[in-house]
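Worksheet: the structure to be examined is printed underneath.
Note that this is a predicted model, so its numbers are computed, not measured. In what follows, chains are A, B, ... by sequence order, proteins preceding strands, each numbered from 1.
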Amino acid sequence: MIDLKYFQNNFEEASNKLAKKAVATQTLEELKSLFASLKDDNAKYEATKAEQNKLSKLFGEYKQKGLDTYELKAQLDSFKTTLATLQENARRSEEALEALSQMIPNFPDDSVPEGVDENYNIELRKVLEPRKFDFTPKEHWELASSCGWIDFERGVKLAKSRFSVLRGDGARVERALINFFLNFNRKNGFEEFNLPLMNNASMLRGTGQLPKFEDDLFRIEDEDLYLIPTAEVPLTNLYNDEIINDKELPILMTAYTPCFRKEAGSAGRDTRGMIRQHQFDKVEMVAISHPDKSDEIFEMMVQNASDLLTALELPHRLVMLCGGDLGFSAAKTVDIEVWLPGQNQYREISSISNTRDFQARRAKIRYKQDGKNSFVHTLNGSALAVGRTLIAIMENYQQEDGTIKIPEVLKSYL
RNA sequence: GGACAGUUGGGUGAGUUGGCUGAAACCACAUCCCUGCUAAGGAUGCGUACGGGAAACUGUACCGAGGGUUCGAAUCCCUCACUGUCCGCCA
């Protein structure tokens with residue numbers, strides 16, 4: 001949720017920021033007018049209600065003193081319908097404003113480059129040189145059967161398309177990666193969590209998945225529950241509706257969870273292989289930070305994710321997302337893309353975002369400093385997407401005979 | 001799944017014969033005083049959100065959520081959610 005007061009008082013500036021995320025001017029005008037009418041309706045209701053409260057109090061005093069209340073009663077009765085109408089107006093205005101403001105994405109930072117799609121993203125740096133192959137490297141799905149790590153067909157049989165089965169060393173490496181990531185994150189100050197994989201609608205609203213992206217979520221029938229699309233949801237919402245003592249900040253958290261996504265808008269994309277699945281494993285980092293410290297923590301999280309890939313000796317690059325490619329809640333995002341020699345391209349394996357106070361506003365996560373409450377900043381990032389790391393290992397560590405070497409750092413985990 | 005009990009501010013917890021309670025007391029926290037040492041004592045302040053005001057201050061809403069009764073509800077009624085205890089079931 002954006003700061004509506006700031007939006008209203010700095011309409012020009014705020015609109016320009018949101019233009020980077022391609023929000024329609026008409027929508028912004030509507031938001032502005034809804035805000036104004038809510039204020040208006042509230043003022044009317046509150047003034048009348050104040051009057052009624054005063055007379056009601058007087059009524060009580062009259063009764064106590066045994067005075068005649070006939071006239072006062074008649075007067076008070078007349079408030080009933082007036083107040084009901086005014087209240088209804090205010091309620092409608094509030095609902096309309098709430099509905100629209102929930103759909104407005106976060107302001108991008110000034111440092112975020114302009115651009116409509118990923119072609120305008122800016123490469124920050126490359127880490128590690130891709131390995132030179134003396135044979136033609138295969139894509140991971142070609143390697144899947146030769147090394148026996150992934151069984152796509154049986155995954156589909158058990159569930160449906162975009163599900164797969166890991167077996168043997170594939171399953172073991174997946175598990176090793178999870179342990180390696182969690183330990184690495186923990187050594188860097190992140191506390192480990194194990195979380196509910198279903199969260200209720202209110203939590204999903206807190207982090208911004210609802211109401212706008214319901215189509216991408218798996219919902220549990222007859223329950224107010226959704227399968228989480230990322231551990232960002234439960235981790236961030238651990239502090240939903242809480243006021244944190246500023247001495248506890250920053251709070252650094254990490255968790256491994258499976259993630260569930262319908263991939264509604266991705267029909268036909270990455271249908272082959274394990275890049276885009278309905279269920280995938282991910283180790284996530286979340287930070288709850290003092291506003292002054294979130295940039296610093298952001299850099300630390302980016303570095304942490306990059307270091308994981310470096311430790312696995314996987315070549316990768318860091319990319320600053322442009323406004324058009326930025327997610328709904330993010331003010332700033334750096335993607336980390338790992339080199340896939342079989343595909344001969346870099347593919348996203350981590351995405352680290354600073355949402356500033358956007359999620360904190362929605363989820364009511366505040367900190368108290370010198371008796372005053374303010375919204376915290378929340379950050380999240382993958383460290384890392386486990387399935388995609390497995391793929392990256394397969395493609396980067398493949399041998400000519402179709403077998404896969406095990407990265408040095410993982411050996412102690414197997 | 002069945003029965004009973006409960007859900008109040010950062011925490012514990014009063015208040016449920018409707019108005020003087022946005023809410024006692026205690027703890028925690030903040031500032032100050034005293035003292036001087038791995039402590040204690042004293043003073044003051046201290047819920048959240050939105051609106052008005054330069055400010056002092058002030059209006060409205062909120063005592064799990066939603067609805068109802070009433071001039072007026074934390075207090076009465078209804079529905080739902082959650083928590084606790086006992087029973088049943090179960091990894």
Side-chain angles (χ1 to χ4, degrees), chain A residues 1-9 31-102 194 196-206 210-211 219-226 234 237-249 251 288 290 357-376:
Chain A
M1 178 101 123
I2 58 167
D3 181 349
L4 289 175
K5 220 185 276 179
Y6 162 78
F7 173 79
Q8 201 70 3
N9 296 334
L31 186 68
K32 188 180 169 188
S33 96
L34 283 174
F35 190 85
S37 54
L38 173 65
K39 198 170 156 179
D40 200 45
D41 289 342
N42 269 343
K44 282 180 192 153
Y45 168 72
E46 283 173 14
T48 313
K49 184 68 182 172
E51 185 76 8
Q52 189 216 32
N53 283 346
K54 219 155 68 184
L55 290 179
S56 275
K57 207 165 185 176
L58 197 62
F59 183 94
E61 287 169 21
Y62 273 37
K63 276 279 188 198
Q64 208 161 31
K65 290 176 187 161
L67 297 172
D68 177 32
T69 55
Y70 183 81
E71 212 170 302
L72 204 49
K73 176 80 164 66
Q75 208 179 339
L76 275 162
D77 282 337
S78 74
F79 272 92
K80 279 197 128 175
T81 51
T82 318
L83 270 172
T85 311
L86 290 174
Q87 187 172 29
E88 178 62 14
N89 288 344
R91 198 186 58 79
R92 283 216 191 106
S93 291
E94 177 143 25
E95 267 175 17
L97 179 68
E98 178 72 9
L100 187 62
S101 63
Q102 288 283 320
N194 190 296
L197 303 181
M198 300 176 208
N199 283 191
N200 62 48
S202 170
M203 300 302 115
L204 274 299
R205 273 194 294 275
L210 289 179
R219 186 179 179 164
I220 309 299
E221 197 175 359
D222 299 328
E223 294 279 354
D224 178 33
L225 290 171
Y226 297 80
N237 281 298
L238 282 169
Y239 289 91
N240 188 298
D241 200 23
E242 293 195 22
I243 299 170
I244 304 162
N245 191 315
D246 66 322
K247 286 178 195 130
E248 290 174 47
L249 299 176
I251 299 170
I288 293 180
H290 188 285
D357 62 4
F358 186 81
Q359 291 180 325
R361 264 172 212 290
R362 292 178 155 245
K364 294 192 183 69
I365 307 174
R366 291 150 295 173
Y367 70 99
K368 192 183 274 290
Q369 187 175 36
D370 302 333
K372 211 174 141 274
N373 295 327
S374 315
F375 290 109
V376 298

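Backbone-only engagement by A:Asp77 is indicated by non-hydrogen atom pairs under 4.0 Å involving sugar-phosphate atoms exclusively.
When distances are taken from the side chain of A:Ile243 to each of B:rA49, B:rU60, B:rG10, the shortest belongs to B:rG10. Nearest nucleotide to the A:Leu76 side chain, out of B:rG59, B:rC71, B:rC20: B:rC71. For A:Lys80, taking side-chain heavy atoms from C-beta onward, the closest of the listed nucleotides B:rC20, B:rU48, B:rC71 is B:rC71. Closest contact between the side chain of A:Ser56 and the listed nucleotides B:rG59, B:rC71, B:rA49 involves B:rC71.
Taking atom C1' in both B:rC78 and B:rG19, one finds a spacing of 24 Å when rounded to whole Å. Across B:rA14 and B:rG2, the matching P atoms stand 30 Å from one another, rounded to whole Å. The gap from the P atom of B:rA65 to that of B:rU7 amounts to 13 Å, rounded to the nearest Å. With both ends at atom C1', the span from B:rA23 to B:rU48 equals 14 Å, rounded to whole Å. The separation of B:rG45 from B:rU38, taken at their C1' atoms, amounts to 29 Å, rounded to a whole angstrom. Using atom C1' as the reference point in both B:rC77 and B:rC87, the two lie 30 Å apart (nearest Å). Nucleotides B:rG15 and B:rG88 have their P atoms positioned 35 Å apart, rounded to a whole Å. With both ends at atom C1', the span from B:rC46 to B:rG64 equals 25 Å, rounded to whole Å.
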Please list, pair by pair, any protein nitrogen or oxygen found under 3.5 Å from a nitrogen or oxygen in nucleotides 29-31 of chain B.
| unit_1 | atom_1 | unit_2 | atom_2 | d |
| --- | --- | --- | --- | --- |
| B:rA30 | OP1 | A:Lys247 | NZ | 3.0 |

Distances under 3.5 Å only, N/O to N/O: pair up the protein atoms with those of nucleotides 51-57 of chain B.
| unit_1 | atom_1 | unit_2 | atom_2 | d |
| --- | --- | --- | --- | --- |
| B:rG51 | OP2 | A:Lys5 | NZ | 3.2 |
| B:rG52 | OP1 | A:Lys39 | NZ | 3.1 |

Tabulate protein N/O versus nucleotide N/O from nucleotides 77-82 of chain B, keeping only pairs under 3.5 Å, one per line.
none

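Two residues, A:Asn373 and A:Ala47, neighbour RNA chain B, and the one matched to the more 5' nucleotide by heavy-atom proximity is A:Asn373. Between A:Tyr45 and A:Arg366, the one whose closest nucleotide on RNA chain B sits nearer the 5' end is A:Arg366.
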Run the side-chain donor-acceptor check on residues 89-96 of chain A: report pairs under 3.5 Å with partners two or more places apart or on a different chain.
| unit_1 | atom_1 | unit_2 | atom_2 | d |
| --- | --- | --- | --- | --- |
| A:Arg91 | NE | A:Glu88 | OE1 | 3.3 |
| A:Arg91 | NH1 | A:Glu95 | OE2 | 2.5 |
| A:Arg91 | NH2 | A:Glu88 | OE1 | 3.4 |
| A:Arg91 | NH2 | A:Glu88 | OE2 | 2.9 |
| A:Ser93 | OG | A:Asp41 | OD2 | 2.5 |
| A:Ser93 | OG | A:Asn89 | O | 3.2 |

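Atom CZ in A:Arg91 sits roughly 21 Å away from atom P in B:rC50 (whole-Å rounding). Following rounding to the nearest Å, A:Tyr6 (OH) and B:rC50 (C1') show an atom-to-atom distance of 21 Å.
Residue A:Lys368 qualifies as enclosed at atom NZ: its count of foreign heavy atoms under 6.0 Å is above 12. The 12-atom threshold is exceeded at CZ of A:Phe79, counting heavy atoms of other residues, nucleotides or ligands nearer than 6.0 Å. For A:Asn194, the CG atom is loosely surrounded, since the number of other residues' heavy atoms within 6.0 Å does not exceed 12.
Comment: A:Arg366 does not engage A:Asp246 in a salt bridge, judged by the lack of any side-chain N to carboxylate O separation of less than 4.0 angstrom.
Here the closest non-hydrogen pair linking A:Gln8 and A:Phe35 is CD-CD2, 3.3 Å. In terms of heavy atoms, A:Ala363 sits closest to A:Asn237 at CB-OD1, 3.7 Å. Considering every non-hydrogen atom in both A:Tyr367 and A:Ile243, the closest pair reads C-CG2, 4.3 Å. Contact between A:Pro211 and A:Arg362 at its shortest, heavy atoms only, is CD-NH1, 4.4 Å. A:Leu225 approaches A:Met198 most closely through the heavy-atom pair CD1-SD, 4.1 Å.
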| query | Under a 3.5 Å cutoff on both atom distances, Watson-Crick or G-U, what's the dot-bracket for RNA chain B ([ ] crossing, | other strand)? | reply | ((((((((.[[[..)...(.....]]].(((((.......))))).((((((....)))))).[[[[[..)....]]]]])))))))....
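Contact annotation: A:Asn53 side-chain N/O to B:rG72 OP1/OP2 distance is not under 4.0 Å.
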| task | Take A:Leu67 and A:Leu72 through the test side-chain contact (heavy atoms from CB on, under 4.5 Å) and record every step on the way to the result. | result | CA-CA 11 Å; A:Leu67 297 172; A:Leu72 204 49; over 6 Å; no
| request: Apply the test side-chain contact (heavy atoms from CB on, under 4.5 Å) to residues A:Arg361 and A:Asp3: give CA-CA distance (whole Å), side-chain angles for both, the deciding distance (0.1 Å), then the verdict. | output: CA-CA 8 Å; A:Arg361 264 172 212 290; A:Asp3 181 349; 3.3 Å; yes
| task | Using the side-chain contact (heavy atoms from CB on, under 4.5 Å) rule, take A:Ile2 and A:Ser101 through it: C-alpha gap first, then chi angles, then the decisive distance, then the call. | result | CA-CA 8 Å; A:Ile2 58 167; A:Ser101 63; 5.9 Å; no
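Panel note: side chain A:Asn9, backbone A:Lys5; a donor-acceptor pair is recorded below 3.5 Å.
For A:Glu98, the side chain to side chain donor-acceptor pair (under 3.5 Å) test picks out A:Gln102, with sequence neighbours left out.
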